[in-house]
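Quantities reported herein were computed from a predicted structural model and do not represent experimental measurements.
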Amino acid sequence: MNNTEKDKIAKSIKDARIRKGYSQQQLADLTQLNLRSVQRIEKAEVLPRAYNLNLLAKHLDLDMEVLEGPKNNVQAMQFAIPKQADISSKKTGKMILSITLGLLIIFLSAAFLAQASKFPETSFELFLFLAFIIAVNGLIFWRIWGN
């Protein structure tokens, strides 16, 4: 989408808001967007997502076709929604990576303990070592699944 279309959408939203007598804060409250988002949309700094654009159009009594422009530009306005298969394959990949790294860390830890003749000397050292391994696993899983 080029800047002139983004400017057109911003102007339409701002004009409709003023016509309705809403402040930016009132519009933000009605649409459950934050005030800064409404400000950035009206200044054409950002292009609202399709969902937010629908909310704004609904509360400002705007026709979506006016905001979207000609039908050939509708696709440019829409954001790609991941298909269920894409989401499922990403989860599968994360699961495989998590299991592989978890097993790798367990086996490397066991190999370290097997070769160390003097480690661990006490149960306390063993529990500290296991706590460290669990923490490393947790950080790795958090990094994998947190994104």
Side-chain angles (χ1 to χ4, degrees), residues 1-14 16-17 22-60 62 64-147:
M1 167 150 312
N2 61 37
N3 283 339
T4 58
E5 291 175 84
K6 196 171 14 171
D7 290 336
K8 183 184 126 189
I9 291 170
K11 184 176 179 351
S12 298
I13 291 171
K14 184 176 183 178
R17 176 184 60 80
Y22 295 148
S23 68
Q24 287 180 331
Q25 183 63 58
Q26 288 170 320
L27 181 60
D29 292 341
L30 281 171
T31 57
Q32 296 182 342
L33 297 171
N34 66 43
L35 175 60
R36 183 67 184 130
S37 294
V38 172
Q39 291 169 339
R40 292 176 70 206
I41 290 168
E42 286 190 1
K43 289 181 181 177
E45 292 176 8
V46 297
L47 178 66
R49 294 184 174 131
Y51 177 81
N52 292 341
L53 193 59
N54 282 323
L55 275 176
L56 290 165
K58 175 183 158 193
H59 288 287
L60 295 173
L62 288 173
M64 278 302 291
E65 288 188 21
V66 171
L67 293 177
E68 292 174 345
K71 287 293 181 190
N72 60 357
N73 289 333
V74 173
Q75 281 186 327
M77 294 271 308
Q78 295 174 343
F79 289 83
I81 298 171
K83 297 177 183 154
Q84 188 62 32
D86 293 341
I87 293 170
S88 178
S89 68
K90 285 182 182 178
K91 282 186 179 180
T92 303
K94 287 181 178 184
M95 185 65 72
I96 291 169
L97 183 60
S98 297
I99 291 170
T100 303
L101 288 175
L103 289 172
L104 181 65
I105 289 172
I106 289 170
F107 284 119
L108 289 175
S109 301
F112 175 75
L113 289 174
Q115 66 83 31
S117 61
K118 301 263 185 191
F119 183 83
E121 290 182 1
T122 64
S123 296
F124 180 72
E125 287 179 350
L126 176 63
F127 287 123
L128 280 179
F129 179 74
L130 293 175
F132 174 76
I133 297 304
I134 290 169
V136 168
N137 262 330
L139 286 172
I140 290 171
F141 292 161
W142 174 71
R143 185 73 174 139
I144 291 171
W145 291 92
N147 293 335

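No more than 12 heavy atoms of other residues, nucleotides or ligands lie within 6.0 Å of CD in Q32, so this atom counts as exposed by the packing criterion. When the shell of 6.0 Å around CZ of F127 is examined, it contains 12 or fewer heavy atoms from other residues, nucleotides or ligands.
Note that CG of L60 is 8.5 Å distant from CG of L30, once rounded to the nearest 0.5 Å. Taking NZ from K11 and OG1 from T4, the interatomic distance works out to 14.0 Å, rounded to the nearest 0.5 Å. For the atom pair CD1 of I144 and CG of L139, the computed distance is 11.0 Å after rounding to the nearest 0.5 Å. Rounding to the nearest 0.5 Å gives a distance of 12.0 Å between CG of D7 and NZ of K14. Rounding to the nearest 0.5 Å gives a distance of 11.0 Å between CD1 of I9 and CG of L62. We find the NE2-CG distance between H59 and N54 to be 11.0 Å, quoted to the nearest 0.5 Å.
You'll find the side chain of D29 reaches within 4.5 Å of the side chain of Q25, heavy atoms only. Residues Y51 and L55 are in side-chain contact: their nearest non-hydrogen atoms beyond the backbone lie under 4.5 Å apart. Side-chain atoms of I13 and L53, non-hydrogen and from C-beta on, do get closer than 4.5 Å to each other.
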Listing, residues 33-41 side-chain donor-acceptor contacts under 3.5 Å, not counting sequence neighbours, or none:
unit_1 : atom_1 : unit_2 : atom_2 : d
N34    : OD1    : R36    : N      : 3.2
N34    : OD1    : S37    : N      : 2.7
N34    : OD1    : S37    : OG     : 2.9
R36    : NH2    : E45    : OE1    : 3.4

Please report, to 0.1 Å, the donor-acceptor pairs under 3.5 Å made by any side chain of residues 97-109, with sequence neighbours excluded.
unit_1 : atom_1 : unit_2 : atom_2 : d
S98    : OG     : K94    : O      : 2.8
S98    : OG     : W145   : NE1    : 2.7
T100   : OG1    : I96    : O      : 2.8
S109   : OG     : I105   : O      : 2.7

Q) Checking side-chain contact (heavy atoms from CB on, under 4.5 Å) for the pair I133/F129: CA distance, chi angles, key distance, verdict? A) CA-CA 6 Å; I133 297 304; F129 179 74; 4.0 Å; yes
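When every heavy atom of K6 is checked against every heavy atom of A44, the shortest pair comes out as CD-O, 3.6 Å. Across A10 and E42, no two heavy atoms sit closer than the pair CB-O, 3.5 Å.
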